[in-house]
Amino acid sequence: MVLGQMLDTVGYPTETKTALQGERLSALVRRLSTCNNAFWSDRLSGIELDSVTSVRDISSLPFTVKADLRDTYPLGMVTTPLAQTTRLHASSGTSGKPTIVVYTPGDLVIWAEVNARSLALAGVRPDDILHNGYGYGLFTGGLGLHYGGERLGCTVVPVSGGNTTLQLQLLADLHSRVMSATPSFCLLLAECARDYGILKDLKVEIGILGAEPWSEGMRARIQNAWGGDFRALDIYGLSEVIGPGVAMEAPDDLGALNVFDDHFLPEVVDPESGGVLPDGEWGELVLTTLTKQAIPLLRYRTGDITRILPETGPSERHWTRIARIMGRSDDMLVIRGINVYPGEIETALMDDPDVGANYAIVVDRRGPMAELRVRAELGDRTAGSGDDATSRLQKVLLDRLRIRTTVEMVAPGSMARTEAGKVKRVFEQFDDVDPLG
Ligand code: DLL
């Protein structure tokens, strides 16, 4: 661990950065071609080594996808001897085998570094107590923020997910100023603190929130639930690339994620054709790991939908800025031939003042044509039964999605909460058993 060493939260000016990225990319391609790994020898067989000298040459390189990691399960994409690796994580696939990733000590140093940068960008200081509510274990969230917090010099509380009562007790007794968790769990903690009457005793001011998509409306709900000056900030990452710490939002530039592009080179491509899109256009984020040793990835198709923000931000930072993740290309629902992103539904719901912060989407597949149902909680301060909200939202969803949606408003606090792991918002119904219970 490189304790005491300065953190770079600003990045490099364009020319220096482009040169550095080019050098790193060229070294990476050379290493992948010569490391005697069957997957890479095959994938790079047509590539002339000397042809990759700058970042501009990246478009001649092949993509990698999640299926490559699955097809080479468990360790076929590891490019270093296993004796040189010291950590393994895995992301639980929704179906089939998990995706396994391993790290060398050098990879772990970089991982700690980018998470420490993320925390520093959010305004976290070495004298802070970081209450880390991401799950510890195979999931990268817990240990990623943990090592980042230690690298910055914080006192990290490795509380993990779940056990809300203990979490609230620790937050109250330690007066932690920073918490990291999924947005849904962060909100749950605020709701429980309010129900126990201890919200006023908590001193949390910064939330480092990610691992699942969350809209601007959800940010407002979370900040209102905590009250005071609470700042909900977005952290992005994925296990295949490193874990959390690929990109981070800063409080002086809300809505933009700063990609740590000395380690992760971003591109945005058309999800269908794979063609690189001009800055500013929405598409699929593709990441190349420029420095990772154990499992480097070339042009990895993340499935996450964003765009590169072409304009410079308000700060002196040089990182490539991307928009917050709108959703995943594979989350898209096709309802009666119309494409719907769950994020669009969340945005419509969160724009409505009578809706609380909890909702679920059901795709009812019992009939010949899929039907869309949305169940949402009323806000705490909403008067009445919610009939007005129901008809208003049905109209808004029809206008925005061009699909008839059945909306059901329910009492605040009546829907199940997720205490550990990522929140599940979309359910499918195939028989008469209601998936929402
Ligand atoms: O979720 C890593 C992480 C942990 C990120 C803690 C942030 C905080 P995976 O389990 O591999 O890794 O899931 C990665 O989650 O491709 C996105 O679809 C989604 N995701 C992660 N962060 C965000 C975010 C971790 N801030 C997948 N906004 C990614 C939207 C996110 N989606």
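As the structure lists them, so they are numbered: ligands from 1, and atoms in each ligand from 1.
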Hits for ring-ring contact (aromatic ring centres under 6.0 Å, His included) against Phe260, two or more places apart or cross-chain, chain-then-number order -> Trp319
Practice task
For the residue pair Asn37 and Thr79, confirm or rule out a side-chain donor-acceptor distance under 3.5 Å.
Solution key: no
Do Trp111 and His89 make the cut of ring centroids closer than 6.0 angstrom?
yes
side-chain hydrogen bond (donor to acceptor under 3.5 Å, both in side chains) pairs touching residues 257-266, sequence neighbours excluded, are Lys17-Asp261, Arg117-Asp262, Asp261-Thr320, His263-Thr291
Item checked: Donor-acceptor contact below 3.5 Å, side chain Glu205 vs main chain Arg231 -> no
For a distance cut-off of 3.5 Å, show me each N or O of ligand 1 paired with any protein N or O, plus the separation.
unit_1   : atom_1 : unit_2 : atom_2 : d
ligand 1 : 1 (O)  : Lys422 : NZ     : 2.8
ligand 1 : 10 (O) : Lys422 : NZ     : 3.0
ligand 1 : 11 (O) : Ser239 : N      : 3.0
ligand 1 : 11 (O) : Ser239 : OG     : 2.4
ligand 1 : 13 (O) : Lys422 : NZ     : 2.8
ligand 1 : 15 (O) : Lys422 : NZ     : 3.3
ligand 1 : 16 (O) : Asp304 : OD1    : 3.4
ligand 1 : 16 (O) : Asp304 : OD2    : 2.7
ligand 1 : 16 (O) : Arg328 : NH1    : 3.2
ligand 1 : 18 (O) : Asp304 : OD1    : 2.6
ligand 1 : 18 (O) : Arg328 : NH1    : 3.3
ligand 1 : 22 (N) : Ala211 : N      : 3.1
ligand 1 : 26 (N) : Asp234 : OD1    : 2.7
ligand 1 : 26 (N) : Ile235 : O      : 2.7

Applying side-chain hydrogen bond (donor to acceptor under 3.5 Å, both in side chains) to Glu377 and not counting sequence neighbours gives Arg417
